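Indexing begins at 1, ligand by ligand and atom by atom, following the structure's order. Predicted, not measured: the structure shown is a model, and the values here were computed from it. Note that these values count all heavy atoms, side chains included, but never hydrogens, waters or copies made by symmetry.
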Amino acid sequence: MLTGKNILLGISGGIAAYKTPHLVRLLKKSGADVQVLATESALQFVSELTLATVSGRPVLTDIFTADGNGHDNARTMHITLGEWADAFVIAPTTANTLARLAAGLCDDMLSLCFLTLRPGKPVLIAPAMDGHMYDSPSVQRNLSVLAAQGCRIMEPESGSLASGQCGLGRMPEPESIIEKLMQLLEPPAESPLKGRTMIVTAGPTREKLDDVRFLSNYSSGKMGFAIAADAARRGANVHLVTGPVNLQTPPGVERIDVESAAEMLEAARPFFDNCDLFIGAAAVADYRPETPVEGKIKKNDAEMEIRLVRNPDILATFATSRKLGQLAVGFALETAGGIDYARKKLVEKQLDLVAFNVYDGRTSGFEVDTNALTLLGRDGNITELPLLSKEKAAGKLIDAIEPLLQRR
Ligand code: C5P
């Protein structure tokens, strides 16, 4: 329900505007108060009188002729409305209105109130236009600009279009728009991660051969950073211990940069005692050169042998020495057919959960932006996730960890 919610409904000039009186009716029926902001072209498709009657408020279009609408000061009504609104729905959104919103123009009440809306209030945009227009680089660019600003875009639906053609471009039905709006206005459930302390390791390690060379791997750190970002968003205090990567520190995350596995262990160790959760997403080198050479190793005609010794296992060090109630989660990157190794790792390292991913060099594993994880729980639960962006995969992993934390 939308009881007590104040909704700004922006309507721009597309044929789908004929559905908006029904949208207003449904919003009102759900308990919302609705202020319609229609562009001049919108009123070519739907009557002002109809919209005013169903919303119970005058329709606002032009900045200078808009009447007081019950507000104290008509000249600053756009500001009052920006404060008043709990959400802004723009349906249908034409290519022209999209472009004006993306550019920050404000030459009518719809675009003006888009700028005065208070930060953090949801904006739901339902584009509706011909499919080719929708796919055009300009429209797609404007959509990405608005999405990057935090606006939620509802994909147009496929079906018969006003042009007589069939394809993508229809405005979603008012019922779907209302359902989406309700989701956006629902307060997010409090995460069990809120206030918890966690360590995330990320990226590769570098193991020195001499002062100018090292052994390492292709890890980009993207998975670990995505996990740290997601957990911080849910309210966790995150210590992110990372090998050398080229990534921005996610907001609210404490980042510690290290090079070698030994340094990673020493940087993470001070947090062991007081953390609730350790996620080992780093691709820690298993071996390091026994004695790194000072300066630069000189070449000669002979073959060279380098003796490697084992590195400490950071995750296992934590997992086997942890106190009751602390959770340990690891990754297992294997080439095809490695799920049994992953299961073995779960047992040997005494983990609560292992995220198994197949390295295929293309879509999953190192460097790429996507990952297909299979989550193996200590309780025998197996969850196979599809190929997802690393951000989404991180969210799913944290979703799976939350109930484990709650049980503690
Ligand atoms: O044994 P393997 O390297 O496959 O285990 C992978 C998991 O263990 C990852 O979670 C990784 O971060 C962690 N690990 C570690 N220290 C090591 C090796 C692996 O923390 N030396």
Side-chain angles (χ1 to χ4, degrees), residues 198-208 214-228 231 238-245 247 255-272 275 277-290 308-322 326-360 364-367 371-378 390 393-394 396-398 400-401 404:
M198 63 190 280
I199 304 170
V200 180
T201 64
T205 63
R206 284 182 181 172
E207 310 298 333
K208 276 175 98 164
F214 54 80
L215 293 179
S216 191
N217 56 63
Y218 290 112
S219 168
S220 63
K222 286 177 190 163
M223 194 65 228
F225 273 60
I227 290 169
V238 186
H239 305 288
L240 173 64
V241 186
T242 177
V245 294
L247 296 171
R255 168 176 175 167
I256 304 158
D257 287 284
V258 297
E259 285 224 346
S260 64
E263 283 172 20
M264 191 173 269
L265 176 58
E266 289 326 306
R269 208 194 286 275
F271 306 114
F272 278 8
C275 78
L277 167 65
F278 183 115
I279 304 184
V284 185
D286 292 323
Y287 294 91
R288 67 176 184 277
E290 186 174 34
L308 301 178
V309 293
R310 282 301 305 264
N311 260 337
D313 191 310
I314 303 162
L315 178 59
T317 307
F318 169 79
T320 52
S321 65
R322 66 186 148 151
Q326 293 182 305
L327 287 178
V329 174
F331 274 77
L333 177 79
E334 306 287 350
T335 42
I339 196 153
D340 290 335
Y341 289 108
R343 207 169 278 121
K344 206 164 145 235
K345 223 161 272 179
L346 181 82
V347 176
E348 281 175 2
K349 298 200 188 195
Q350 301 182 23
L351 306 178
D352 297 282
L353 192 89
V354 158
F356 163 63
N357 57 326
V358 175
Y359 172 74
D360 66 3
S364 195
F366 284 154
E367 280 189 313
N371 220 347
L373 299 178
T374 300
L375 309 180
L376 309 176
R378 192 208 273 270
K390 286 191 172 167
K396 295 280 179 198
L397 174 66
I398 304 272
I401 292 171
L404 304 179

Trainee: Mark yes or no for whether Thr242, through its side chain, and Asp257, through its backbone, hold a donor-acceptor pair below 3.5 Å.
Mentor: no
Trainee: Can a donor-acceptor pair be found, under 3.5 Å and without considering hydrogens, that links the side chain of Asp352 to the backbone of Ala328?
Mentor: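 Indeed, once roles are kept as given, a pair shorter than 3.5 Å links the two residues.
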Trainee: Heavy-atom distance under 4.5 Å between the side chains of Lys396 and Leu373, does that happen here?
Mentor: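 No. Closest side-chain heavy atoms not under 4.5 Å.
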Trainee: Using a strict 4.0 Å cut-off to heavy atoms of Gly280, name the atoms of ligand 1 that fall inside it.
Mentor: 9 (C), 10 (O), 11 (C), 12 (O)
Trainee: Distance to 0.1 Å, residue and atom name: give those for the protein heavy atom nearest to atom 16 (N) of ligand 1.
Mentor: Ile314 N, 3.0 Å
Trainee: Please say whether Glu334 places an N or O atom under 3.5 Å from an N or O atom belonging to ligand 1.
Mentor: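 In this structure, Glu334 places no N or O atom under 3.5 Å from an N or O of ligand 1.
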Trainee: For ligand 1, which atoms have a heavy atom of Asp286 less than 4.0 angstrom away?
Mentor: 3 (O), 18 (C)
Trainee: What I want to find out is whether Glu334 reaches Lys345 closely enough, with some N-O distance under 4.0 Å, to be called a salt bridge.
Mentor: yes
Trainee: What is the ring orientation for His239 with Phe271, classed by angle as parallel under 30°, tilted 30 to 60°, or perpendicular over 60°?
Mentor: parallel
Trainee: Decide yes or no for Gln350 and Ser321: does some side-chain heavy atom of the first lie under 4.5 Å from some side-chain heavy atom of the second?
Mentor: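 When only atoms from C-beta onward are counted, Ser321 and Gln350 do not touch, as no gap falls below 4.5 Å.
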Trainee: Tell me whether the rings of Phe272 and Phe318 are parallel (<30°), tilted (30 to 60°) or perpendicular (>60°).
Mentor: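 Ring orientation, 0 to 90° scale: perpendicular.
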Trainee: If you measure every N or O of Ala282 against every N or O of ligand 1, does any of those distances drop under 3.5 Å?
Mentor: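 In this structure, Ala282 places an N or O atom under 3.5 Å from an N or O of ligand 1.
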Trainee: Among all protein non-hydrogen atoms, which one is nearest to atom 4 (O) of ligand 1, and what is the separation to 0.1 Å?
Mentor: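 Going by distance alone, atom 4 (O) of ligand 1 is nearest to Lys345 NZ, 2.4 Å.
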Trainee: Report yes or no: does Asn311 have a heavy atom closer than 4.0 Å to ligand 1?
Mentor: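 Heavy atoms of Asn311 never come under 4.0 Å of ligand 1.
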Trainee: Give the numbers and elements of all ligand 1 atoms closer than 4.0 Å to a heavy atom of Gly330.
Mentor: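 Every atom of ligand 1 under 4.0 Å from some heavy atom of Gly330: 10 (O).
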Trainee: Any idea which protein heavy atom is nearest atom 15 (C) of ligand 1, and the distance to it?
Mentor: Asp313 OD1, 3.4 Å
Trainee: To which protein heavy atom is atom 20 (O) of ligand 1 closest, and what is the distance rounded to 0.1 Å?
Mentor: Leu315 N, 2.9 Å
Trainee: Taking distance alone, with no angle check, do Val284 and ligand 1 share an N/O pair under 3.5 Å?
Mentor: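 No, no N or O pair falls under 3.5 Å.
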Trainee: Which of these, Ala283, Ala261, Pro312, Ala285, has its nearest heavy atom closest to atom 21 (N) of ligand 1?
Mentor: Pro312
Trainee: Check this for me - ligand 1, Phe331, N or O atoms closer than 3.5 angstrom, yes or no?
Mentor: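 Between Phe331 and ligand 1 (N or O atoms, distance only) the closest approach is under 3.5 Å.
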Trainee: If you measure every N or O of Lys349 against every N or O of ligand 1, does any of those distances drop under 3.5 Å?
Mentor: yes
Trainee: Mind listing the closest non-hydrogen atom pair of Gly330 and Leu315 along with its distance?
Mentor: CA-CD2, 3.4 Å
Trainee: Okay, side chain of Thr205, backbone of Gly243: is any donor-acceptor separation there less than 3.5 Å?
Mentor: no
